[in-house]
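What's counted below: heavy atoms across the whole structure, side chains too, no hydrogens, waters or symmetry copies.
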Amino acid sequence: MAVSVPTAPAFSLRAVVKAFGGRRVLDGLDLEVGSRARVGLIGANGAGKSTILRLLAGIEAPDAGTLTIRKGATLAFLPQLVQGDGRTALETVRAAVPAAAALHAELAEVERALADPALAEDLPRMTRLLERQLRLVEAIGEQTVDGDAVRLLRDLGLDDAMLERETRRMSGGERKLVALAACLVRKPDLLLLDEPEAHLDMARRSLLEELVARAPGAVVVVSHDRYLLDEVVTQIAELDRGRVRMWQGGHSAYTVAREIELVRRRQVYVTQQKEIERMEQAIRVFKDWANRTLDERFATRARNMQRRIDRIDQVERPVFERRKMALELRSGMRGGERVVELRDAELDPVLTGVDLTIMRGERVGVVGPNGSGKTVLLKLLEGELALSGGERWAGPTIAFDHLTQSVDELPGELSAIDVVRATGAMSEEAAVRKLWPSSSTTSRSAGRSPQ
């Protein structure tokens with residue numbers, strides 16, 4: 001009779017605490033993920049989702065609690081934002097496997113030595129270098145990293161010309177694809193993906209789903225894309241107030257199950273609140289009778305009933321809808337009807353013959369494949385890039401601003417409130433309202449019962 005042996009979990013977090021600037025992001029968090037699990041980590045912005053991934057990747061350390069990762073496990077981490085550098089796409093993916101990268105680095109060193117003209121006068125050293133070169137070429141041929149790297153990059157839609165392009169010259173979406181290939185080439189036992197869909201077009205998102213589904217180990221995905229979560233994960237880890245709760249199924253199943261539970265909790269909450277209100281009314285009556293009759297027995301009843309209320313394990317009021325961003329796009333002054341226009345605009349070799357007119361009040365979405373020039377188009381509209389042909393016209397009173405992919409213009413040494421206040425004269429309270437527009441109404445609605 002065959003006996004199934006339970007496999008060790010990919011990782012476990014026990015009573016983990018992590019704070020930033022005195023604010024606890026994780027507060028006694030427990031989370032364990034199986035060796036082949038597919039988990040979607042969800043929660044409000046700032047809840048600590050990326051912090052969990054950074055803890056698992058070894059970038060951060062917990063302030064308290066324990067983190068255990070299976071011994072000998074290979075990890076791969078895809079961050080939200082991927083910066084480019086002077087390496088090509090192929091070199092970047094190859095470097096993700098240190099052993100292969102070391103072989104290629106050593107081979108490059110040998111080839112530089114062989115190119116030295118003075119080597120012709122030292123035949124024994126030339127012989128040793130040629131033998132070493134042969135061994136390195138054979139060793140590189142035995143490992144499959146280069147082949148896997150090329151296959152992955154091509155699967156993700158990058159052509160051969162892109163393989164030799166420096167990543168700093170790529171778009172944000174293309175850099176994300178290269179970084180994803182660098183993760184997958186390691187064949188990780190634990191794959192950590194922080195918003196992998198960001199900056200990817202629809203075709204690449206479908207490829208992403210397929211590649212993640214084929215990953216050999218456990219996968220933890222942080223994403224706001226419910227469709228991706230439905231296709232990729234089999235469990236949802238909901239992060240709320242520093243702790244995690246697990247739900248079975250994808251995002252759609254989680255949404256239905258959570259709604260049912262919230263309805264049930266609302267019923268329990270309303271029933272409990274009615275009972276507490278009834279008891280508080282009785283306390284007021286007993287206290288009134290005690291004052292009128294000077295009978296200590298009524299005061300004793302009031303105290304006993306108050307103790308009963310204090311011992312009740314009160315159900316928290318369920319929140320059906322989380323706070324949403326309140327975004328108002330209003331200009332400081334009214335410009336003309338025509339805001340900005342491109343006429344037969346060109347920027348070699350990305351854009352040619354672009355005609356685009358944006359009118360006052362319009363909301364325009366720019367879509368297209370990764371690398372097709374969407375970011376370049378925004379920079380042309382803003383006037384940050386100069387046209388190589390054609391004409392750009394902008395209204396004389398129009399002010400432009402640009403939220404970039406990486407938001408790298410934000411000064412890292414300033415707090416969020418300081419950054420907002422630096423945009424113009426305003427009080428700290430006004431800055432808080434801009435960062436958290438619903439804060440002024442929260443206190444007024446906190447005591448309301450759910451409808």
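- Side-chain contact between Leu208 and Glu210: absent, with no pair of heavy atoms (C-beta onward) separated by less than 4.5 Å.
- Looking only at distances, no side-chain donor or acceptor of Glu259 sits under 3.5 Å from a matching main-chain atom of Val256.
- Side-chain atoms of Lys49 do not come within 3.5 Å of backbone N or O of Asp194 as any donor-acceptor pair.
- A salt bridge links Arg154 with Asp160: the closest approach of a Lys/Arg side-chain nitrogen to an acidic carboxylate oxygen falls below 4.0 angstrom.
- At least one donor-acceptor pair closer than 3.5 Å links the side chain of Arg36 to the backbone N or O of Pro216.
- Using a distance-only test at 3.5 Å, with no hydrogens or angles considered, a donor-acceptor pair links the side chain of Lys18 to the main chain of Ala61.
- Other residues, nucleotides and ligands place more than 12 heavy atoms under 6.0 Å from the CD atom of Glu362.
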Go through Glu341 and Thr357 one step at a time and tell me if the side-chain hydrogen bond (donor to acceptor under 3.5 Å, both in side chains) criterion holds.
-> CA-CA 4 Å; Glu341 186 173 44; Thr357 302; 2.6 Å; yes
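- Taking both residues in full, the closest heavy atoms of Leu387 and Ala345 are given as CD2-CB, 3.7 Å, listed atom of the first, atom of the second, then distance.
- The closest side-chain heavy-atom distance from Leu193 to Leu180 is below 4.5 Å.
- Between the Asp230 side chain and the His251 main chain, a donor and an acceptor come within less than 3.5 Å of each other.
- Between Asp344 and Asp355, the closest heavy-atom pair is N-OD1, 2.6 Å.
- Salt bridge Arg151/Asp148: present, at least one basic N to carboxylate O contact under 4.0 Å.
- Closest non-hydrogen pair, Gly373 versus Val350, comes out as CA-CG1, 3.5 Å.
- Contact check for Pro196 versus Val222: no side-chain heavy atoms found under the 4.5 Å cut-off.
- A salt bridge links Glu32 to Arg14: at least one charged side-chain nitrogen sits closer than 4.0 Å to a carboxylate oxygen.
- Closest approach of Ala149 to Leu90, counting heavy atoms only: CB-CD1, 3.8 Å.
- Between Val82 and Val178 there is no side-chain heavy-atom pair separated by less than 4.5 Å.
- In this model, no donor atom of one side chain and acceptor atom of the other lie less than 3.5 Å apart for Trp247 and Gln235.
- Under the 4.5 Å side-chain criterion, counting only non-hydrogen atoms from C-beta, Val33 is not in contact with Pro9.
- Put simply, the side chain of Arg54 never gets that close to the backbone of Ile59: no donor and acceptor are under 3.5 Å apart.
- Classification of Lys176 and Glu174 as a salt-bridged pair fails, no side-chain N sitting under 4.0 Å from a carboxylate O.
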Quick one: do Leu211 and Leu152 satisfy side chain to side chain contact (heavy atoms under 4.5 Å, CB included)? Show the steps, please.
-> CA-CA 9 Å; Leu211 290 169; Leu152 284 167; 4.2 Å; yes
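- A salt bridge links Arg70 to Asp189: one of the charged nitrogens lies within less than 4.0 Å of a carboxylate oxygen.
- A donor-acceptor pair under 3.5 Å links the side-chain atoms of Arg392 to the main chain of Leu380, judged by distance alone.
- For the pair Leu342 and Leu351, the minimum side-chain heavy-atom distance is 4.5 Å or more.
- In plain terms, the two heavy atoms of Val93 and Val185 that are nearest each other are O-CG1, 3.7 Å.
- Looking only at atom types and distance, the side chain of Ser50 has a donor-acceptor partner in the side chain of Gln80 under 3.5 Å away.
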Take Leu207 and Leu177 through the side chain to side chain contact (heavy atoms under 4.5 Å, CB included) test and state the conclusion after the steps.
-> CA-CA 10 Å; Leu207 288 168; Leu177 293 171; over 6 Å; no
Applying salt bridge (charged side-chain N to carboxylate O under 4.0 Å, His left out), run through Asp27 and Arg24 and close with a yes or a no.
-> CA-CA 6 Å; Asp27 189 9; Arg24 280 197 175 191; 2.8 Å; yes
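- Across every non-hydrogen atom of Met359 and Val339, the tightest pair is C-CG2, 3.7 Å.
- To the nearest 0.5 Å, atom CG of residue Leu55 and atom CZ of residue Phe11 are 10.5 Å apart.
- Although no hydrogens or angles enter the test, the distance criterion places no donor-acceptor pair under 3.5 Å between the side chain of Thr352 and the main chain of Glu346.
- Asp30 places a side-chain N or O within donor-acceptor distance of the main-chain N or O of Ala15, the cut-off being under 3.5 Å.
- With rounding to the nearest 0.5 angstrom, the CD1 atom of Ile236 is 9.0 Å from the CG atom of Leu41.
- Going from atom NZ of Lys379 over to atom CZ of Phe400 covers 15.5 Å, rounded to the nearest 0.5 Å.
- Side-chain contact check for Glu197 and Ser223: at least one donor-acceptor pair (N or O, by modelled atom type) lies under 3.5 Å.
- Within the model, atoms CG of Leu262 and CZ of Arg317 stand 12.0 Å from one another, a figure rounded to the nearest 0.5 Å.
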Could you go step by step and tell me if Leu191 and Phe77 meet the side chain to side chain contact (heavy atoms under 4.5 Å, CB included) rule?
-> CA-CA 6 Å; Leu191 177 60; Phe77 173 47; over 6 Å; no
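- Residues Val340 and Ile398 have side chains not in contact (no heavy-atom distance under 4.5 Å, counting atoms from C-beta outward).
- In this structure, Leu239 CG and Ile52 CD1 are separated by 4.5 Å, a value rounded to the nearest 0.5 Å.
- You'll find the side chain of Arg94 stays beyond 4.5 Å of the side chain of Arg87, heavy atoms only.
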Going through the checks in order, is the side chain to side chain contact (heavy atoms under 4.5 Å, CB included) test met by Val39 and Met246?
-> CA-CA 9 Å; Val39 178; Met246 300 298 294; 4.2 Å; yes
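- Taking 4.0 Å as the cut-off between side-chain N and carboxylate O, Arg168 and Asp85 do not count as a salt-bridged pair.
- The pair Glu238-Arg245 does not meet the salt-bridge criterion, since no charged nitrogen lies less than 4.0 angstrom from a carboxylate oxygen.
- A salt bridge links Arg205 with Asp225: at least one charged nitrogen is closer than 4.0 Å to a carboxylate oxygen.
- The neighbour count for Tyr227 OH, taken as heavy atoms of other residues, nucleotides or ligands under 6.0 Å away, does not exceed 12.
- Counting only distance, with no hydrogens or angles, the side chain of Arg186 and the backbone of Leu75 share a donor-acceptor pair below 3.5 Å.
- For the residue pair Thr88 / Glu166, no side-chain donor-acceptor distance below 3.5 Å is found, with atom types taken as modelled.
- Between Lys374 atom NZ and Ser171 atom OG the span is 6.5 Å, to the nearest 0.5 Å.
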